[in-house]
Structures are given as structure tokens and as C-alpha cells.
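Every number for a ligand or one of its atoms is a count from 1 in the order of the listing. It should be emphasised that the depicted structure is a prediction, and the values quoted were computed from it without experimental measurement.
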Amino acid sequence: MNKFIVIGAGPAGAGAAIAASKLGEDVVVYEANNAPGVKPCGRGIPVIGELPIRVPRDSVYHEIHGAIMYVNGEFLFEMKGVLSGYIVDKTLFLESLIIESGAELVKNAKYIPSEGVVKANGMVINIPGSGVFAGGHPYYEGEKILAVQYRIKTSEFDDSDMLEIYFDTEILGYFYVFPAAPGYVDVGVGGFKGFRDLKRLLDAFIAKDDRFRDRDRVKLEGARIAVGGIKYGYIRGLVKVGEAAGFVLPLTGEGIRPSLLSGYEAARAIIEGRDPIKAMDSMDISRAIRIQRRILEYVKDLDPDSRAELLKSLPMEVHAEVSLGTLNVGRILSSLASKPRVAAKLLKFIVS
Ligand SMILES: Cc1cc2nc3c(=O)[nH]c(=O)nc-3n(C[C@H](O)[C@H](O)[C@H](O)COP(=O)(O)OP(=O)(O)OC[C@H]3O[C@@H](n4cnc5c(N)ncnc54)[C@H](O)[C@@H]3O)c2cc1C
């Protein structure tokens, strides 16, 4: 029996492996690194009804029950009860999902697109042109921003169930404080600036905060994030899924859930003889990415003060609908009943 091929053991590859295994395929996942999930990441996964997986309990560092939001240093609100999710050990999360699905995971196995082969442990394996390509942001052809983060040694966040988000309208991005493995916290920033500027801003952000200033910074890491919206494509007959195809929410940079969903849906479609691109395109998360991209394009044209005004004008429930990509029109309208002009503007992005 021909194996179902998955290139890349990130969230998109895991989603594809799970779907294909569920449908009875013999699945092999080729991963270039010696472990999945080593790319820099905040590892936050919001839990919203549609996720087709069970988050492995032993991979959970923290259960998250809310977020505290700031705009340009000014407190905006504490979002409790409208956001829940997990911070995970991403390597364990992905490895458990792939292995539990029954798929074979081959590490140190790099696919070479120009040759159509995987090179692993001195062997060269021919890859037939059917399956998914989930190699992440290096293969994405749209707009990308950079995010950099420090891992800081402190046990102050060990019992934390909150995220902290500090919007910065100058860089059109945000600083974040995410609890991490016990004894650590990740403090990062993503936005429309280069590495030097982001690092300088992050150093300044840390220097201002008593909780981090004098703590050990054990690691500085960074990576690009695809924020240009969905760009479908194939690599030698393998359909691009996940961040390689732009499955990231452009306003928040959230990519684990969208990537996993895209891999899952594409694999199902391939096996059932449907068009994987049409299948991915009809997902709710694809609609959310398109809407967030339209909003991002609009906000890019505003000056920093107008961006701040817009952020402050939205009630907490609307922030949640937009940032999580649920975008329920009824709920947005009722939250904005006293602000018909803001509601009309937002609806234009949602329905156009
Ligand atoms: C600093 C930072 C913080 C972030 N924080 C969050 C967050 O908190 N929550 C969230 O949802 N998203 C976050 N993201 C985004 C998220 O990390 C990605 O969008 C998501 O991991 C994309 O999943 P993927 O499977 O498409 O790609 P990836 O996770 O990049 O996985 C691709 C895999 O393919 C492998 N690979 C690549 N090329 C080949 C090849 N030729 N052959 C074989 N294997 C190959 C790679 O080694 C990798 O393991 C963050 C991103 C950054 C940069």
C-alpha cells in the first residue's frame, strides 16, 4: 500500500497525520529536525469548539483562562471568561499527537524540493507526488513579520493562568508575556520592524518591568510569521498546508490552531478524492484569516494614534471575536449597539 506522505512535523503536519490515520491510511511524517516543535513559538493554543484533536494532558504547562490587554502602556481591560486555552510543551504536544495517531515519525529526514526526495540517515527516499507539504514559514510566499522572544528564568508565573498582551501601535504589533515551562516565562514582541529594532524595544520593555529586569535571560530566539493571508500552492504535487500556505491569523500571529486545521482538512480531502484547496478554503478559519488580513491592511494605513483610538473603541467581547477569529456577526452587533459607526466599519470588513 502506498504511504500517505507528510513533510514537516509541526502543527500542520500533525493535523494531516491525524486525519489520514483516522481514515485508515498508512502515514509517514518526515521531519528535518531531530524533534518536532523546536521552532521559536509562544506555544499558546486557544480552545475553540472546532479543534479536531484532544490536547495531550502531559504536554500542558498551563491552562489559560484569560488575558490582560494594554494599548501603548495604558491598561485596556482584563479579558476573563471569553478566552481559554493552553500553553503546551510543543515538542511533546506534537510528538504525542503524531505517535498516538499511529503515523510513523521519521526525524532528521529532510525533503529536498528540487529533487523530490527525502534524505534521512544516509538514505535517499523517493517521494511520490501525493500528500501534504507542511514545512512552515520558509516556504510561504506572502508578507511576513518577525517575532523575537526571551525565555526568562523566574518562578513568578508558575501558577499563572493569564496571558499579557501589550499592543504597540507604532510597530503595529504587540509585546507578550506567556507563562512557559515551570520556572520560566516567555517575553516577546512581534511587529513590523527588523530584528535590531525589535530586540532593542524588547530590551527596553524588560528593563521597565521589575518582574524581569534582574532575571536570567536563558535564551533569545526569533522567527518569521506569515501575516499576508492564505496563498495556496503545491510543491511537486504535495499540497501546501499550515504556515507554508499562510494559515496564520494576521492580526494576532496565531498559527498553531489554523495550521493544524488546514493540515487536517487537506489530508481528509485528498484521501476522499476531493480538491484539498477547496476544502481548506471553505473552513471557518480561512474566512477568519481573510477578514483579519483585510483589517490589517486597513490598520496599516492609519497613523499610530488612530490605531490606538480604534483599539480602545472596541469592547472586550469584540476584541475576542476578532482576535480569536470567531467573528459572530450577531454577537459583534449586540456588543457594539451603542457604537453604530464602529459596527458599520467592522461589518464592512467581515462581509466584503
Ligand atoms: C516567536 C513566535 C511566537 C509564536 N507564538 C505562537 C503562539 O503562542 N500560538 C500560536 O498559535 N502560534 C504562535 N506562533 C506561530 C506558530 O509557531 C506557527 O504559525 C505554527 O507553528 C505553524 O505550524 P506549521 O506546522 O505550519 O509550521 P512549523 O511549526 O514551522 O513546522 C514546520 C515543520 O516542518 C519542518 N520542515 C521544514 N522544512 C522541511 C523539509 N524540507 N523537510 C522536512 N521537514 C521540514 C520543520 O523543521 C518544522 O518542524 C508563533 C510564532 C513565532 C515566530
May I ask you to list the atoms of ligand 1 that are less than 4.0 angstrom from any heavy atom of [X]?
X	answer
Tyr30	43 (C), 44 (N)
Ala147	1 (C)
Val248	19 (O)
Lys110	41 (N), 42 (N)
Ala223	53 (C)
Gly242	26 (O)

Ligand 1 contacted by [X] (non-hydrogen, < 4.0 Å):
X	value
Tyr176	yes
Ala134	yes
Gly188	no
Ile225	yes
Glu221	no

Any [X] side-chain heavy atom under 4.5 Å of [Y] side chain:
X	Y	value
Leu260	Phe247	no
Met79	Met162	no
Met316	Leu76	no
Val248	Tyr140	no

Just to confirm my output: which protein heavy-atom neighbour is closest to [atom], and how far is it?
atom	answer
atom 4 (C) of ligand 1	Gly42 N, 3.2 Å
atom 25 (O) of ligand 1	Ala12 N, 2.9 Å
atom 30 (O) of ligand 1	Lys39 CD, 3.3 Å
atom 49 (O) of ligand 1	Glu31 OE1, 2.6 Å
atom 27 (O) of ligand 1	Gly136 CA, 3.5 Å
atom 44 (N) of ligand 1	Ala32 N, 3.1 Å
atom 42 (N) of ligand 1	Tyr111 N, 2.9 Å
atom 50 (C) of ligand 1	Cys41 SG, 3.9 Å

| field | Side-chain donor or acceptor of Asp303 paired with backbone N/O of Asp305 under 3.5 Å | value | yes

| task | Keeping the roles fixed (side chain from His137, backbone from Ala244), state whether a donor-acceptor pair exists under 3.5 Å. | result |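 It does not hold such a pair.
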
Check whether any N or O atom of [X], backbone or side chain, sits under 3.5 Å from an N or O atom of ligand 1, and answer yes or no.
X	answer
Gly255	yes
Ile256	yes
Arg224	no
Arg43	yes
Tyr139	yes

Should the proximity of [X] to ligand 1, defined as any heavy atom under 4.0 Å, be assigned to the side chain, the backbone, both, or neither?
X	result
Lys90	side chain
Ile7	side chain
Glu243	both
Ala109	backbone

So, [X] and [Y]: side-chain donor and acceptor under 3.5 Å apart, yes or no?
X	Y	result
Ser259	Glu243	no
Tyr264	Lys22	yes
Asp281	Tyr232	yes

For this output row, return yes or no: ring centroids of [X] and [Y] closer than 6.0 angstrom.
X	Y	result
His319	Phe77	yes
Phe157	Phe212	yes
Tyr30	Tyr111	no

| Of Gly8, Gly44, Gly253, which has the heavy atom at the shortest distance from atom 9 (N) of ligand 1? |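 Checking each option, the heavy atom nearest atom 9 (N) of ligand 1 is found in Gly44.
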
| field | Minimum non-hydrogen distance to atom 23 (O) of ligand 1, winning option of Ala16, Pro40, Pro11, Gly10 | value | Pro11

| task | Hey, can you tell me if Tyr176 and Tyr174 have their rings parallel, tilted or perpendicular (30° and 60° cut-offs)? | result |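 Geometry flag for Tyr174 against Tyr176: perpendicular rings.
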
| Can you check side-chain hydrogen bond (donor to acceptor under 3.5 Å, both in side chains) on Ser59 and Asp89, steps first, answer last? | CA-CA 5 Å; Ser59 73; Asp89 172 334; over 6 Å; no

| query | Looking at Tyr150, does the NZ or CZ of Arg217 lie under 6.0 angstrom from its six-membered ring centre and within 45 degrees of the ring axis? | reply |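 Relative to the ring axis of Tyr150, which defines the angle, Arg217 lies inside both limits.
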
| request: Check the pair Phe167 / Tyr70 against ring-ring contact (aromatic ring centres under 6.0 Å, His included), numbers first and verdict last. | output: CA-CA 6 Å; Phe167 294 112; Tyr70 299 80; 9.8 Å; no

| query | How about Lys153: does its NZ atom have over 12 heavy atoms from other parts shown lying under 6.0 Å from it? | reply |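 Atom NZ in Lys153 is not packed in, count stays at 12 or less.
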
